[in-house]
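The structure appears right after this line, and notes come after that.
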Amino acid sequence: MTMKKNVNRVALIGAGSVGSSYAFALLNQAIAEELVIIDLNEDKAMGDAMDLNHGKVFAPSPTKTWYGNYEDCKDADIVCISAGANQKPGETRLDLVQKNLAIFESIVSSVMESGFNGIFLVATNPVDILTYATWKFSGLPKERVIGSGTILDSGRFRFLLGEYFDVAPGNVHANIIGEHGDTELPVWSHATIGGVPISEMIERYPEYKSEDLDEIFTNVRDAAYQIIEKKGATYYGIAMGMARITRAILYNENSILTVSAYLDGEYGADDVYIGVPAVLNREGIRNVVEVSLNEKEQEQFDHSARVLKDVLKKAEW
Ligand SMILES: NC(=O)c1ccc[n+]([C@@H]2O[C@H](COP(=O)([O-])OP(=O)(O)OC[C@H]3O[C@@H](n4cnc5c(N)ncnc54)[C@H](O)[C@@H]3O)[C@@H](O)[C@H]2O)c1
């Protein structure tokens, strides 16, 4: 008789800038008990495992960390994929589709061959398209395939609004939804600062101006381009967002985070993975949270979903 495994294992595939930062965040926050790192570049995965193990004595608890292979995915609770090409200066996320689809077909089939029966968390771009591909390639239920979606964009949004209104980002409730990319949108109609709607803040206090809010959103949407221009890639923010999603799943939190979820009629869209608020727990996505959008937001969301569906239709599978 085999003993039931009672430790949480995360398998990370792709230990590049994003993957290594995620591994670092997992260890520092003691989110998983086991972390196995897999990469085409075995030396990189091996080097990362060694390096992380040397810091383990300083971590809140000793996450068992090693460099491994696809067989180790069998007992994983979460397989996180951050492997593949990233944006070069001037490239959009959607420019990466064909390159990364081919990589994903081989990665996901190798994971499934191991006997994996857990939850996929996808971060590689274009994340909404590759999450859909992971769902298709794996054959797992839609609830158990999750993309990082607009978690990072919402994090950027909350940070910049926090700076503007001079409150901690945790006291800002505001979401970016839609494609993690150029067609994403801010849900201004439900954005609040400590429970006060932002529209009311603008009316009440003359120092706050709606033009400034437009600029904040533009900076959120274009943040990746700005960072890539300056240092070649973005990774800390997304890695911390992925760690947050991992914690929500492994700790069975029922936390609401903006992730790429499969829509089956919600928000008037279907057969697409796209960034929306969703309740996350040990089962994956418990349900999508449907916020009532105003007319302009709904139009923007419809456009974003159409762009993604178009990419899915044109992609060579
Ligand atoms: N979702 C988000 O918000 C977000 C944010 C930042 C970056 N990203 C995306 O994350 C991805 C990774 O970015 P990065 O900066 O870490 O790139 P990187 O080039 O630093 O790392 C990619 C890693 O993937 C590995 N790899 C490539 N093909 C593989 C395969 N078939 N099997 C296993 N490993 C393989 C490479 O060896 C490399 O270590 C990119 O697609 C990037 O656009 C997403």
Side-chain angles (χ1 to χ4, degrees), residues 11-25 36-49 67-70 72-73 79-111 113-114 120-134 137 146-157 176-182 184 220-246 257-260 273-275:
L12 164 65
I13 303 172
S17 307
V18 172
S20 298
S21 308
Y22 169 68
F24 189 57
V36 52
I37 304 176
I38 300 163
D39 198 294
L40 198 59
N41 179 346
E42 291 187 8
D43 280 344
K44 176 64 166 74
M46 203 183 298
D48 266 352
Y67 128 78
N69 56 43
Y70 284 99
D72 294 311
C73 294
V79 165
C80 174
I81 314 181
S82 55
N86 61 8
Q87 285 168 273
K88 303 290 171 275
E91 257 187 331
T92 72
R93 294 174 179 92
L94 293 178
D95 289 333
L96 303 170
V97 173
Q98 283 311 134
K99 256 188 276 188
N100 284 341
L101 268 181
I103 292 174
F104 265 56
E105 188 164 14
S106 106
I107 289 177
V108 174
S109 64
S110 303
V111 172
E113 274 164 27
S114 75
F120 272 108
L121 171 59
V122 177
T124 306
N125 278 319
V127 69
D128 303 292
I129 302 297
L130 292 170
T131 309
Y132 186 95
T134 301
F137 294 147
I146 305 171
S148 57
T150 45
I151 192 161
L152 173 60
D153 316 76
S154 295
R156 287 171 174 154
F157 196 38
I176 301 287
I177 61 171
E179 175 204 354
H180 168 59
D182 300 340
E184 66 187 27
V220 167
R221 191 195 53 207
D222 299 342
Y225 294 110
Q226 293 170 15
I227 298 171
I228 290 167
E229 211 48 66
K230 291 187 195 311
K231 64 168 199 168
T234 84
Y235 35 90
Y236 295 133
I238 183 58
M240 291 164 83
M242 287 154 64
R244 179 70 193 88
I245 295 170
T246 306
L257 299 168
T258 45
V259 293
S260 193
Y273 267 89
I274 189 165

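Atoms within a ligand are numbered from 1 in the order they appear, just like the ligands themselves. All values below were derived from every heavy atom in this structure, side-chain atoms included, with hydrogens, water molecules and symmetry-related copies excluded.
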Show the distances, to 0.1 Å, for all pairs joining an N/O atom of ligand 1 and a protein N/O atom that are shorter than 3.5 Å, listing one pair per line.
unit_1   : atom_1 : unit_2 : atom_2 : d
ligand 1 : 1 (N)  : Ala123 : O      : 2.9
ligand 1 : 1 (N)  : Ser148 : OG     : 3.0
ligand 1 : 3 (O)  : His180 : NE2    : 3.0
ligand 1 : 8 (N)  : Asn125 : ND2    : 3.4
ligand 1 : 15 (O) : Asn86  : ND2    : 2.9
ligand 1 : 16 (O) : Ser17  : N      : 3.0
ligand 1 : 16 (O) : Val18  : N      : 2.8
ligand 1 : 17 (O) : Asn86  : ND2    : 3.4
ligand 1 : 20 (O) : Ser17  : N      : 3.0
ligand 1 : 20 (O) : Ser17  : OG     : 3.3
ligand 1 : 24 (O) : Gly84  : N      : 3.3
ligand 1 : 34 (N) : Leu40  : N      : 3.2
ligand 1 : 37 (O) : Asp39  : OD1    : 2.6
ligand 1 : 39 (O) : Asp39  : OD1    : 3.4
ligand 1 : 39 (O) : Asp39  : OD2    : 2.7
ligand 1 : 41 (O) : Ala85  : O      : 2.7
ligand 1 : 41 (O) : Asn125 : N      : 3.1
ligand 1 : 43 (O) : Asn125 : ND2    : 3.0

State, yes or no, whether a side-chain contact exists between Glu113 and Tyr70 at a heavy-atom distance under 4.5 Å. no

If you count heavy atoms of other groups shown closer than 6.0 angstrom to NZ of Lys230, is the number above 12? no

Rounded to the nearest 0.5 Å, what separation is found between the CG atom of Asp222 and the CG atom of Asp182?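 It is 7.5 Å, given to the nearest 0.5 Å.
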
For Arg93, what residues pass the salt bridge (Lys or Arg N to Asp or Glu O under 4.0 Å) criterion, not counting sequence neighbours? none

My understanding is that only one of Val122, Leu130, Thr134, Ile103 makes a side chain to side chain contact (heavy atoms under 4.5 Å, CB included) with Val108; could you say which? Thr134

Can a donor-acceptor pair be found, under 3.5 Å and without considering hydrogens, that links the side chain of Asp153 to the backbone of Val220? no

